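Worth saying up front: this structure is predicted, and the values here are computed from it rather than measured. Positions are given from 1 along the sequence.
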Amino acid sequence: MPNVRTVSEHGSFRLIERDGRYAVIEARDGQVYGLHGESGNRPSAPDRPDATEAVVASGDWNAEDVARRRFEELTARGEELARKIW
């Protein structure tokens, strides 16, 4: 099982870490979603630790500062962004 931990969570967004690399996912209604893909067509999986492999592409793992900046941008936009993504 992948060693993934949640670093921070705000609203539906999570900043996660695995082996020193970071990514942002969205969690809603028992599912986790990757941030890429068109509205309604983003990768998703049940909200479990092993789900990150299904929703985070290998190129979406970043250095901590890059992922934190993205996380902060997404959480600042909050519900406005969530309505557009959904």
Side-chain angles (χ1 to χ4, degrees):
M1 184 174 292
N3 186 21
V4 176
R5 70 181 179 97
T6 299
V7 176
S8 188
E9 192 166 359
H10 186 272
S12 62
F13 296 102
R14 291 181 189 162
L15 175 64
I16 57 174
E17 182 268 339
R18 180 189 72 189
D19 301 328
R21 302 295 285 169
Y22 295 78
V24 180
I25 59 174
E26 185 176 13
R28 289 183 182 269
D29 298 325
Q31 294 283 112
V32 292
Y33 300 87
L35 298 183
H36 293 96
E38 297 188 25
S39 181
N41 194 26
R42 295 182 298 147
S44 67
D47 189 1
R48 300 186 318 237
D50 62 342
T52 56
E53 295 302 315
V55 302
V56 180
S58 61
D60 290 339
W61 291 98
N62 295 289
E64 183 177 4
D65 63 329
V66 173
R68 278 192 184 277
R69 190 167 39 254
R70 181 165 210 185
F71 177 73
E72 289 168 5
E73 290 169 358
L74 290 168
T75 58
R77 293 170 61 191
E79 286 305 308
E80 174 193 349
L81 178 63
R83 283 190 296 273
K84 289 179 182 177
I85 290 174
W86 266 33

Tell me if a side-chain donor or acceptor on E73 pairs with a main-chain N or O of T75 at a distance below 3.5 Å. no
Is it the case that the side chain of R42 and the backbone of G34 share a donor-acceptor pair, with hydrogens and angles ignored and the cut-off at 3.5 Å? yes
Side-chain atoms of residues 63-70: list all donor-acceptor pairs with protein atoms under 3.5 Å, sequence neighbours left out, distances to 0.1 Å.
residue: E64; atom: OE2; partner: R68; partner atom: NE; Å: 2.8
residue: E64; atom: OE2; partner: R68; partner atom: NH2; Å: 3.1

Say you draw a straight line from CH2 of W61 to CD1 of I16; how long is it, rounded to the nearest 0.5 Å? 3.5 Å
Pairwise side-chain contact, L74 with L35, heavy-atom cut-off 4.5 Å (strictly under): yes
Side chain to side chain donor-acceptor pair (under 3.5 Å) partners for D47, two or more places apart: R14
To check you understand the geometry: which heavy-atom pair defines the closest contact between A23 and V56, and what is its length? CB-CG1, 3.8 Å
Note: A51 and A45 closest approach over all heavy atoms is CB-CB, 3.8 Å
Minimum-distance pair of heavy atoms, taken over all atoms of Y33 and R28: CE1-O, 4.0 Å
Shortest non-hydrogen contact from F71 toward F13: CE1-O, 3.5 Å
Nearest heavy-atom neighbours spanning P46 and V32: O-CG2, 4.1 Å
